[in-house]
Amino acid sequence: MRILLLGSGGREHALAWKMAQSSVLEELFIAPGNAGTKMHGKNVNISPSNFEEVKAFVVQNDINLVVVGPEDPLVNGIVDFFEADEELKSVPVVGPNKEAAQLEGSKDFAKKFMQRHNIPTAKYGTFTKDTLKEGYAFLEKMNPPFVLKADGLAAGKGVLILDTLKEAKRELKSMLADAKFGDASSRVVIEQFLDGVELSCFVITDGDAYKKLPEAKDYKRIGEGDVGLNTGGMGAVSPVPFANPTFLDKIENQIIIPTVKGLKADGIVYKGFIFFGIINVKNEPYVIEYNCRMGDPETEVVIPRLKSDILDLFEGVATNTLSERDVQFDERSAAAVMMVSGGYPEAYEKGKQIFGLNAVTDSIIFHAGTAADGPAVTTAGGRVLAVTSFGKDLATALKKTYGSLEKIEFDKANFRKDIGHDVL
Ligand code: AMP
Ligand code: GLY
C-alpha cells in the first residue's frame, strides 16, 4: 500500500511507527510530519487543510490510502472532497465524512445524537445570542459548577467550568454576544456538571462493524496533582486500572454499540476512529465528548499495545470488511509522559536542540513538536516528545519512562512527575 498520513504530532508519529511495521506497506508519506515521522517514511511539506495540495500529491504519487490524524481536515470535509472528485473518489480515506465528524465538530449535534439514541450524557440546553435570556434562566435552575461549551471547534479551549452563577452568566454572554471563541461560540451548550474520573475509549469502524482498541487515561493539566492550565495532554496510561471488565462492558453496551448503530440508523456513514471521552460517575459511564479521531497522547500508549497489523484494520475500513479482521493486544501496561517546552501552555521558545535521544533504549520516543535541523533534532512546539514504555504493570512502565526521561535534555524542558500516580 502507498499511504499518505496527514498530521504532525505524537499521534501521527505513533501511527507512522505502527504502519511502518506492516508487511503490506510499500511507501509511507507524512504531511507535514515531524523529525520522528521521518524515520518511518517521507515527510512532505503540505498542510492537511490545503485539500488541493493534498489532491495533487495523492494523484502524482499513486497514493491508495489516506489516513487523517487530526480533526480539522475531517470537520472541514476532506472525505467529502475526495468523494466528490473524479480522480480521488477511488482513494479511500480513514476518517469520517463532514456530517459524521460533527460528532466532534458540533457539541449540539453530539448532544442531540446522544439524546436521540439514549446514550448516557449530562443534561443540557443549547443557546444562541437570540436566546441569551433563556440561557440565563437555564443557568439559574442549575447547581454550580456550571459547564459552558462552545459548540464548534475551539482548539481544546472551548469548555469553561465556572463556580458562580455570576461568572457563568458573564461568560455565556461573552461567548454568545461577544464571540469569545469566534464562530465556534455562536452556539453554546450548557451542561450539568458530572463529578467523576475520566477515561478515553476508542473504536475503529467501517460503518457496520467496529473493533475496540484499549482504553487509556490522559492527563490534561500542566501541573502535578492535576492543577493549572489545560494542555494538549501531558501523559497517558493504558490500560486504566479502574476500568474493570464490568465497567468496560457497560461502556460497550450503553455507549459504543448505540453510537455505531445510531450513526447507521441516522444514515450517517462513519469510517474511521471514534474517541469516546467517558466519565465514571458512581460506576456508571457517561459521554463527556466524542472526537472523530484518535486522542493525543492516548495514541502513544494505545497504538503500541496493538499487536495486529494496523494496515489490515485500515484495509477493513476501506473495503467494509472490518468484521473479518483480527485484533490482538499486548496485555502489558504502557505509560507515556510528555516532555514539553518551558512555559507551555503559555508562551515558550522553540528551536532548542534535543540531546540524548539515542541513549534511550528502554522506551519508544514519539516526536510531537520536533524538527530536523541537519542531523540534529530541535524543539518546534509546546509538546515536544512522548516517551512511552511497557511494563508488566503500570508501575514498571512508569519507572522505565521516567528513567528514559532522565537521559533526554533540552533547554527549559518540563514534564509532569506524577503521571499515572492517581491510578496506581
Ligand atoms: P471537552 O472538550 O468536552 O472534552 O471538555 C473538556 C474537559 O472539561 C473534559 O475533559 C472534562 O474534564 C471537563 N468537562 C466537560 N464536560 C463536563 C461535564 N459535563 N461535567 C464535568 N466536567 C466536564
Ligand atoms: N487527549 C485528548 C484529545 O486528544 O483530545
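Please read these numbers as outputs of a predicted model, since none were measured by experiment. Indexing begins at 1, ligand by ligand and atom by atom, following the structure's order.
Taking the ring-ring contact (aromatic ring centres under 6.0 Å, His included) definition, one finds that F247 meets it with nothing, sequence neighbours left out. Partners of F51 according to the ring-ring contact (aromatic ring centres under 6.0 Å, His included) rule, which considers only residues two or more places apart in sequence or in another chain, are F81. In this structure K55 satisfies the salt bridge (charged side-chain N to carboxylate O under 4.0 Å, His left out) test together with D85, E87, sequence neighbours excluded.
Under a 4.0 Å criterion applied to the non-hydrogen atoms of K220, ligand 1 contributes the atoms 10 (O). For ligand 1, the atoms sitting less than 4.0 Å from at least one non-hydrogen atom of K149 are 3 (O), 15 (C), 16 (N), numbered in the order shown with element in parentheses. Atoms of ligand 1 found under 4.0 Å from any heavy atom of F193, numbered from 1 in the order shown, are 20 (N), 21 (C), 22 (N).
Between F127 and F138, the distance separating the two ring centers is shorter than 6.0 angstrom.
Note on K271 versus D206: no salt bridge recorded, every NZ/NE/NH1/NH2 to OD/OE distance being 4.0 Å or above. Comment: R416 engages D226 in a salt bridge, judged by a side-chain N to carboxylate O separation of less than 4.0 angstrom.
The aromatic rings of F366 and H13 stand perpendicular to each other, their planes meeting at an angle above 60°, with 30° marking the opposite boundary. In this structure, F113 and H117 have tilted ring planes: the angle between them lies in the 30° to 60° band.
The closest protein non-hydrogen atom to atom 17 (C) of ligand 1 is I288 CD1, 3.5 Å. For atom 9 (C) of ligand 1, the closest heavy atom belonging to the protein is E198 OE1, 3.5 Å. Residue, atom and distance of the protein heavy atom nearest to atom 3 (O) of ligand 1 are K107 NZ, 3.0 Å. Closest to atom 21 (C) of ligand 1 among all protein heavy atoms lies L194 O, 3.1 Å. Of all protein heavy atoms, the one lying nearest to atom 8 (O) of ligand 1 is V159 CG1, 3.6 Å. For atom 13 (C) of ligand 1, the nearest protein heavy atom (residue, atom name, distance) is I161 CD1, 3.7 Å. In terms of protein heavy atoms, atom 19 (N) of ligand 1 is closest to E191 OE1, 2.6 Å.
In this model, no donor atom of one side chain and acceptor atom of the other lie less than 3.5 Å apart for S333 and D393. Looking at E252 and Y210, their side chains do bring a donor and an acceptor atom within 3.5 Å of each other. Counted by atom type alone, T37 and E12 present zero donor-acceptor pairs between their side chains at under 3.5 Å.
Between E191 and the options K123, K107, K149, a side-chain hydrogen bond (donor to acceptor under 3.5 Å, both in side chains) holds for only K149.
Ligand 1 lies out of reach of D195, whose nearest heavy atom is not under 4.0 Å from it.
Pocket lining of ligand 2, defined as residues with a non-hydrogen atom under 4.0 Å away: D218, F275, N291, R293, G295, D296, E298.
Any N or O atom pair closer than 3.5 Å counts here, and V147 shares no such pair with ligand 1.
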